[in-house]
Amino acid sequence: MSLITAHDLSKTYLKGETKVEALKGLSFEIEPASFVSFVGPSGSGKTTLLNLIGCLDKPTSGVLRVDDTDVSSLNTRPAAAFRGRKIGFIFQDFNLIPVLTVYENVGYPLLMVQNTPSRERKKRILSLLEAVGMAEKKNKYPDQISGGQKQRVAVARALVTNPKLVLADEPTANLDHKTAYMVIDIMKKMKNELGTTFIFSTHDQKIVGEAETIYTLEDGELAGREVNNV
Amino acid sequence: MFDLFKIAIRNLLRYRRRTLLTVSLVSIGVVSVLVFISISGSFKNMMIGQITDSFLGHLQIHKKGYVSSIDSLPLTLNLSPKALEKVEKAINEIPDVEAYSKRIKFGGMFSNFVETTNVRLNGVNPEDEVKTVPLLLSRIKEGAKTIRTGEVLVPELLAKGMKVKVGDTVVVIATNSNGSVNGKQFRVGGILESATGPGGRDGYIHIDDAAEILRMDTMAISEIAIRLKNFDKVHEVFDRLKGQLANELNKQGKPAFEVHTWEKLSPFYNIARMIDLMTFFVKLMLMAIVLISIMNVMVMAVYERIREIGTIAAIGTLPGKILAMFLIEGLSLGIFGAAVGTVLGVATISIVSMAKLTFDFGRQKGLLLSPSINIQDILLISMMVITVSVMASLQPAYKASRMNPIDALRHV
């Protein structure tokens, strides 16, 4: 069974008095434990689509099911609860919480979202910090580590709740090439180890090649689907 | 909850200067209120103590209608022995009464054989009077600290005006309830310092002398002053006495007696109420300071952390938890402000207390200001500050909790 099913998905919003059709009748399916990329120029609808899949926004029309849940009808609180249980997020600007250490940042979703017991929490945080190679920096604050290290911490934070799906909007945009590949490698490694589905958006053609399935978006429409044997 | 506090405190420490300024502002407010309450409270309590312990007593009982005509000290409204017996029975049934004193109050003429003036006198039993108003003896500036038969305690101003001193012979002339005039020679036994309030400038003689001047065959008492073991029970005892005496009716079928607390007898009560009102407004100002400063900080905190709010909302933090995070931040500011303010306030009060400052009130000079604050007031002020801090954080916290994650994440 597919992890994500989108059928005739559209999103229209108003920008001032102008009606903008951000997504126009998208239909696709994404299987569990896949490594998927959405590519396209700025304004093609990548972020809007990730926002819909991540239950941060609702489609104007169409059906969107994530892990067998119709997320297009979820209200604020159920949507937040769903995100907390099923989805991990990686942001372009890392978005680590500056007053928390690396260890605490990774543990935040377990502590504040899932209320995981202390012992279990510690085990999962340390294991993920080890996996992303940040265990030694666990007591550092975000302003004491580099951009690449921040994004590795963000990957660990996204995975700490064992989500079915991790969404990453331009995760390598603020990183140099070497660091960007390293972050993508970590994401792939985690996908293979944990069976998590990763969906990321990018306009970096070299990074795109790392994805198993590449969807191309143009002007809010699905312009192509390419399967990569990586 | 502990983790929410930890995050809140770290966020507060993130903007150290701003947090320090806000905590300082709240603390200064708390210090000001505590010092004001302690000084005004100690002044009020001291003045009440002076008034009740010098001449008024905590409660008084009269025949119905006496207090409304008290300026003329009507002898026709004195209590008959039978009425007195009923009143004493009611008083004796109340264990909270420490002492009571029966007084014959009358107005008369005071002569030093050269000049004559009018005088208001209290005929009292010295032992009962001193037990009821223990500061009376301390008001005797000159002469023996007692009231003996044949002697009069002359009010200071009268003594000065009539140029009499201890040991001089004077004459007191009075008209009794039948209109018969009588006079009696007295030796000035002491000069009495004035006290603030009605009755504070009255003279004293022995009750037997009063009965003799007024040619009373049987003792007719004008008023009974009562002292309680615990001043705080004044209203409780008042209600009880009033209830017990309510069934005693006069010939017109109305209550035969009237009971008054010191509040109804002394104009200082209005000053005390004014002090209470001022205290209320000072507290209100503190609340305004806390409300504005905390709200300002919290609005800034939310505005500066919009992207952070977007992040935590996106990763699944429920709106209630985001609300709690910011409320706890405001709560922490309130707790710090109240704690620092309380410590500094108590220290300031101790310093003022140790400085032994004095003040004058009316004709009373050199009254010692001894400010003190009780734990209930400290807890009340702290709780008010903390509650208002949380209330001030409510709007910004609510706004944060309702933020759309997409808009928040886009915020630059």
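Order of the sequence lines fixes the chain letters, A, B, ..., with proteins taken first and strands second; residue numbering starts at 1 for each chain. Computed from a prediction, not measured in an experiment: that's the story for all the values here. Computed over heavy atoms, backbone and side chain alike; hydrogens, waters and symmetry mates excluded.
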Below 4.5 Å, heavy-atom pairs only: which of [options] has the largest tally toward chain A?
options                : value
B:G316, B:P319, B:G320 : B:G316
B:L13, B:D3, B:N404    : B:D3
B:I7, B:I312, B:L4     : B:I312
B:R402, B:M325, B:R305 : B:M325

*Only counting residues at least two apart or in another chain, list the ones meeting side-chain contact (heavy atoms from CB on, under 4.5 Å) with B:L25.*
B:I289, B:S293
*side-chain contact (heavy atoms from CB on, under 4.5 Å) with A:D57: which residues, sequence neighbours excluded?*
A:K11, A:N51, A:L52, B:I406
Which answer fits [X], side chain, backbone, both or neither, if we ask what part of it has an atom under 4.5 Å from a heavy atom of chain B?
X      : value
A:I87  : neither
A:Q114 : neither
A:Y141 : side chain
A:N105 : neither
A:Y108 : side chain
A:R85  : neither

*Who wins among A:A81, A:P98, A:G84 for the most heavy-atom pairs under 4.5 Å with chain B?*
A:P98
*Could you tell me whether B:H411 and B:Y303 have their ring centroids closer than 6.0 angstrom?*
yes
*Quick one: are the ring centres of A:F200 and A:F35 less than 6.0 Å apart?*
yes
*Just one of B:L333, B:L12, B:V297 clears the side chain to side chain contact (heavy atoms under 4.5 Å, CB included) bar with B:V23, so which one?*
B:L333
*Determine yes or no for a side-chain-to-main-chain donor-acceptor pair under 3.5 angstrom, with A:S201 supplying the side chain and A:E170 the backbone.*
yes
*Does a side-chain heavy-atom distance below 4.5 Å link A:V166 with A:I90?*
yes
*Salt-bridge test for B:E304 and B:R14: reply yes if a basic N is under 4.0 Å from a carboxylate O, no otherwise.*
no
